[in-house]
Amino acid sequence: MPSAAARVVLVTGVSRFLGARVANTLQADPSIARVIGVDTVPPDASLGVPLGRTEFVRVDIRTPSIANLIASAGVDTVVHLHLVTSSSVPRAKVKELNVIGTMQLLAACQRSPDMRKLVVRSSAAVYGSSPMDPAVFTERDEPVEAPRSGYAKDAVEVEGYVRGLMRRRSDLTVSVLRFANFLGPGVDSPLTRYLRLPVVPTVLGFDPRLQFVHEDDGVEVLRRMTVEDHPGCFNVAGDGVLLLSQALRRAGRPYVPVPSPSLSVLGDMGRRFAGLSGFSPELLRWLTYGRVIDTTALAEELSWHPKYGSEAAFADFAAAHGFGRPLASLLGRP
């Protein structure tokens, strides 16, 4: 349903690729009067995403300054994309940014009389990865083994604080989006750095089922949630699944199965090759057991299907980095 009130939109995490792309997309919408992008550092020009009329404000969401900005600018819609997943940032700082930052932001939203909508980027990592997982997770399912560390645990805590805000401000329209791993030409993440290793290590004896969401589809879902009212919690992923071995073969990537304990050691060695600062526990479990999420609720809510399935998202990423076979081959055969 169209929303008449999304007039002043604040986007967090705008210095990174996803935040910059979402802000760029929203600022092109004539129905939105102002788009304000916030982060602790200015957007990097190397991202190749012009902010256009988006107003950049250097603000640390862990501080009370975010409340002052929301109040003074009359922000009515917040798109919270500041979920740090990188293992290159010290864990204590990541938790501060993800959890303490979200707490400050939500407190500011609660106090603002202008606020009417909140869109939150979460992660399918909240479901964990376990050998006892169901074949497919729906939004109603609880994790078999709840995440105990890293950004996955942070995402669980963030969602808990969001539910608390919903109880205190039942007038707000709140959308929580549990994204599968992003892929695409512009994505730089622990996963893409892993896939770019000269020889990709896999876990001996395991071939996980994986899902991806293409960056274009992720941005479109966030745009729709911002300019329309779709309250609730939704899984977001491309259609279909890929086995890890299938994906690596299609991309022509050399890979070697190693025992699970050795994968952590190889991840640490990856610093020298691809800027990969080790393998987080979440990534290790995902590369072992995989995870598949059901996206029926999102498709029905938006009457929409992603342009890219998981295979096509991986193929576009692989083609952009010159891996292996031509794009048509990547899309066509295991």
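- Listed by first and then second residue, the salt bridge (charged side-chain N to carboxylate O under 4.0 Å, His left out) pairs involving residues 126-135 amount to none (not counting sequence neighbours).
- Sequence neighbours left out, the pairs with a member in residues 27-48 that pass salt bridge (charged side-chain N to carboxylate O under 4.0 Å, His left out) are R34-E55.
- Pairs passing the side chain to side chain donor-acceptor pair (under 3.5 Å) check and including a residue from residues 204-213, sequence neighbours excluded, read D207-S245.
- Annotation: side-chain hydrogen bond (donor to acceptor under 3.5 Å, both in side chains) contacts of D294 (sequence neighbours excluded): T296.
- Residues forming a salt bridge (charged side-chain N to carboxylate O under 4.0 Å, His left out) with R178 (at least two apart in sequence, or on another chain): E159.
- Applying the ring pair (Phe, Tyr, Trp, His ring centres under 6.0 Å) test to H305 and every residue at least two apart in sequence or in another chain returns nothing.
- Under the 30°/60° scheme for interplanar angles, the aromatic rings of Y127 and F137 are found to lie parallel.
- Under the rule for a salt bridge (charged side-chain N to carboxylate O under 4.0 Å, His left out), the partners of E220 that lie at least two apart in sequence or sit in another chain are R223.
- Legend: residues meeting ring pair (Phe, Tyr, Trp, His ring centres under 6.0 Å) with F17, ordered by chain and number and at least two apart, are absent.
- Every residue two or more places apart in sequence or in another chain was checked for a salt bridge (charged side-chain N to carboxylate O under 4.0 Å, His left out) with R16, and none qualifies.
- In this structure, the ring pair (Phe, Tyr, Trp, His ring centres under 6.0 Å) partners of Y289, at least two apart in sequence or on a different chain, are F206.
- By the salt bridge (charged side-chain N to carboxylate O under 4.0 Å, His left out) test, R285 pairs with E145, sequence neighbours left out.
- D188 is linked by a side-chain hydrogen bond (donor to acceptor under 3.5 Å, both in side chains) to R193, counting only residues two or more places apart in sequence or in another chain.
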